[in-house]
Student: 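Quick one: structure below, then a few questions.
When reading the values below, keep in mind they use all heavy atoms of this one structure, side chains included, and skip hydrogens, waters and symmetry mates.
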Amino acid sequence: MVKSGTTLILLIALLFTFSSANGQSSVSANANKIGQTLFYIERLYLDTANIERLTDNALVSIMKELDPHSSYISKKDIQAMNEPLQGNFDGIGVEFALINDTLTINSTIPGGPSEKVGIRAGDKIVAVDGEVISGTGLTIERVHKYLRGPKGTKVKVSVVRRGVQEPLEFVITRDKIPLNSIDSYYMIGDGIVYLRLTRFAATSYKEMLEALSSLKVMPKGIILDFRGNPGGYLMAAIQIANEFLEEGELIVYTEGRTVKKMEDHANGSGILQNVPVAILIDENSASASEIVSGAIQDWDRGTIIGRRSFGKGLVQQQLPLPDGSALRLTVARYHTPSGRVIQSPYEEGKKDEYYKKLMERYSRGESFSKDSIHFADSLVFKTLKKGRTVYGGGGIMPDIFIPQDTSHYTPFYGEILRKGLLTDYMNEYSDKHRSDILKKYPSFRSFENKFVVSDKDIADFLAYCASKGVKPAEGDMEISGAEIRRNFKGLIIRSVYSFSNFIEFLNKEDKEVLKAVEVLTKGE
């Protein structure tokens with residue numbers, strides 16, 4: 001008999017085994033064909049075959065023949081795929097780094113399980129449930145396996161703490177850990193709020209309202225930073241766009257071969273309808289990011305700043321399969337209020353070619369020159385209030401183009417980033433000097449204003465790079481030195497203070513952010 005756990009194709013096939021050939025539909029006939037093949041392999045093949053793996057591979061191959069964004073998700077991957085969009089996971093509530101093959105705590109989540117039992121930033125977890133993990137070739141995946149688990153379960157950890165001679169033992173009860181989609185927000189100018197949204201999750205709209213509420217002021221302007229945001233839940237995009245649009249204004253509509261046209265309109269309840277807005281996008285902003293950006297642009301509601309977005313305008317529906325795996329199947333296209341299709345062109349079954357064309361944007365110089373981007377006349381649309389020209393068929397083209405800044409780039413700088421040398425060095429540096437830094441600079445603001453990266457700091461870092469076989473060529477430090485110093489200081493802020501403070505520090509020299517502040521301040 002066929003093993004239990006075989007996925008949908010085999011189950012469907014067996015349902016149709018006794019159907020007459022003349023009465024079979026195309027779908028049932030082909031499902032029966034695949035099912036019979038697996039049945040023969042199970043019963044007659046020379047060696048033992050892994051039917052579940054064969055089925056998984058078949059489903060992967062089938063989905064590759066469709067559009068670039070339809071996919072098969074195996075049972076073991078389904079939870080990891082859903083966590084970022086659901087907005088939480090079960091764990092112990094820490095942010096960590098792997099320093100010298102040791103799990104080092106960068107920070108604990110306020111109110112989380114680890115903070116409650118006394119885990120501190122700088123602690124090193126060297127053993128979990130009696131198993132030594134330090135110095136064993138740790139990976140992120142292994143750390144997740146050790147520390148994540150169902151809510152209410154317990155995990156015993158051994159911790160080495162600086163200044164304490166013997167390891168400390170803690171028993172932590174796992175709990176729901178929030179996975180925030182807004183990782184930085186603050187007042188960036190006179191009444192202007194900056195919000196960085198990394199994905200559109202089930203919690204994103206609530207997070208945005210809570211962030212604005214915590215600042216205790218009605219903003220005079222808002223910067224929404226969608227750079228690098230790959231998208232997520234359509235509903236989250238609709239909720240956020242609704243805050244800025246007037247009652248009855250169309251946000252987005254979707255339509256597919258079998259999916260009827262569905263329109264989503266603003267309901268007039270948004271508290272930000274009269275607040276000026278600027279949205280930052282880049283080549284990695286996709287899907288839900290483009291829905292919000294397209295709606296704001298089409299209604300002449302705000303200014304889009306940055307570089308052309310990715311161009312993902314296809315709607316996926318996640319369809320469960322009996323064994324816990326799932327299909328993410330494209331069922332419709334979404335359109336901006338003016339009727340634009342944002343999806344970049346593609347041919348079914350040619351996913352590699354599709355992504356290759358997207359990569360070719362960079363080689364054509366699109367990241368550096370607006371003039372390198374060309375749209376066909378058929379892709380020209382007009383905004384709905386001012387009649388400005390906008391484009392469809394390949395992402396959102398910003399109102400204000402800001403080229404990618406590579407003025408600090410050298411082969412040496414690229415290599416230390418690719419090999420993670422700067423991050424690894426700064427994790428160790430921050431861990432070693434954390435207590436001294438906090439004693440001298442008790443707040444982020446005091447550190448930002450007073451700390452200076454010394455020549456000795458840079459010399460020590462270059463010596464570390466040299467020990468890893470990476471050395472700057474003549475003139476490299478004249479070009480990249482200032483950026484290395486900026487990141488040196490920024491990575492200390494990230495490790496010792498907070499990620500939000502890190503973004504705030506970097507934004508002080510960020511051309512897109514500075515342009516957004518200028519636009520909102522001048523009321524352009």
Side-chain angles (χ1 to χ4, degrees), residues 1-86 141 230-234 254-260 286-287 312-334 343-358:
M1 291 296 291
V2 178
K3 297 176 183 177
S4 61
T6 304
T7 49
L8 184 63
I9 288 180
L10 185 53
L11 293 174
I12 291 176
L14 293 175
L15 289 175
F16 288 102
T17 300
F18 300 105
S19 299
S20 65
N22 292 334
Q24 286 181 322
S25 69
S26 174
V27 171
S28 62
N30 284 287
N32 190 32
K33 183 178 179 179
I34 296 172
Q36 283 295 122
T37 300
L38 293 173
F39 180 78
Y40 290 147
I41 292 171
E42 175 69 17
R43 293 296 299 271
L44 302 174
Y45 182 57
L46 173 66
D47 297 315
T48 300
N50 187 324
I51 297 297
E52 187 171 352
R53 181 172 59 81
L54 290 175
T55 306
D56 281 359
N57 290 341
L59 287 170
V60 169
S61 297
I62 288 171
M63 301 308 284
K64 281 183 178 179
E65 293 300 310
L66 305 178
D67 68 278
H69 300 298
S70 290
S71 61
Y72 167 70
I73 311 166
S74 67
K75 181 180 178 180
K76 68 181 180 65
D77 292 334
I78 200 77
Q79 183 178 355
M81 291 284 286
N82 286 336
E83 272 176 359
L85 298 182
Q86 293 171 343
E141 291 74 20
Y233 283 148
L234 175 63
T254 58
E255 195 169 18
R257 180 177 64 87
T258 61
V259 176
K260 293 182 179 180
S287 188
K312 182 182 181 295
L314 300 177
V315 181
Q316 280 75 49
Q317 183 174 350
Q318 188 157 307
L319 304 169
L321 298 176
D323 69 338
S325 60
L327 301 179
R328 270 194 188 159
L329 188 66
T330 296
V331 297
R333 291 183 178 87
Y334 71 70
Q343 175 62 42
S344 296
Y346 67 89
E347 290 185 53
E348 289 187 350
K350 295 186 177 181
K351 183 179 292 190
D352 292 343
E353 187 174 313
Y354 168 75
Y355 284 106
K356 181 181 177 182
K357 287 181 179 179
L358 289 171

Student: Say whether, by atom type as modelled, one donor and one acceptor occur between the side chain of Ser70 and the main chain of Thr330 under 3.5 angstrom.
Tutor: yes
Student: Quick check: do Thr254 and Val331 have side-chain heavy atoms less than 4.5 Å from each other?
Tutor: no
Student: Quick one: do Tyr72 and Leu321 satisfy side-chain contact (heavy atoms from CB on, under 4.5 Å)? Show the steps, please.
Tutor: CA-CA 10 Å; Tyr72 167 70; Leu321 298 176; 3.8 Å; yes
Student: So which heavy atom on Gly232 is nearest to which on Ser287, and how close?
Tutor: N-OG, 4.4 Å
Student: Taking all non-hydrogen atoms of both residues into account, name the closest pair between Glu52 and Asp323 and its distance.
Tutor: OE2-OD2, 4.1 Å
Student: Output yes when a side-chain donor or acceptor of Asn32 lies under 3.5 Å from a complementary backbone atom of Ser28, and no otherwise.
Tutor: no
Student: For Lys312, is there any backbone N or O sitting under 3.5 Å from a side-chain donor or acceptor partner on Tyr334?
Tutor: yes
Student: When you look at Thr55 and Leu38, which way does the side-chain contact (heavy atoms from CB on, under 4.5 Å) test go after all the steps?
Tutor: CA-CA 8 Å; Thr55 306; Leu38 293 173; 3.6 Å; yes
Student: Give, for atom CG of Leu319 and atom CZ of Arg328, the distance between the pair rounded to the nearest 0.5 Å.
Tutor: 10.5 Å
Student: Please step through side-chain contact (heavy atoms from CB on, under 4.5 Å) for the pair Asn50 and Leu54, ending with a clear verdict.
Tutor: CA-CA 6 Å; Asn50 187 324; Leu54 290 175; 5.7 Å; no
Student: Quick check for you: to the nearest 0.5 Å, what is the distance between Glu65 atom CD and Lys351 atom NZ?
Tutor: 10.5 Å
Student: Output, in order, the C-alpha distance, side-chain angles, deciding distance and verdict of side-chain contact (heavy atoms from CB on, under 4.5 Å) for Val315 and Val259.
Tutor: CA-CA 11 Å; Val315 181; Val259 176; over 6 Å; no
Student: If you measure from CD1 on Ile34 to CD on Gln36, what distance do you get to the nearest 0.5 Å?
Tutor: 11.5 Å
Student: How long is the span from the NE2 atom in His69 to the CG atom in Leu314, to the nearest 0.5 Å?
Tutor: 5.5 Å
Student: Consider only side-chain N and O atoms of Asp56 and Ser74, and report whether a donor and an acceptor are under 3.5 Å apart.
Tutor: no
Student: Measuring only between side-chain heavy atoms, which start at C-beta, is Ile73 closer than 4.5 Å to Gln318?
Tutor: yes
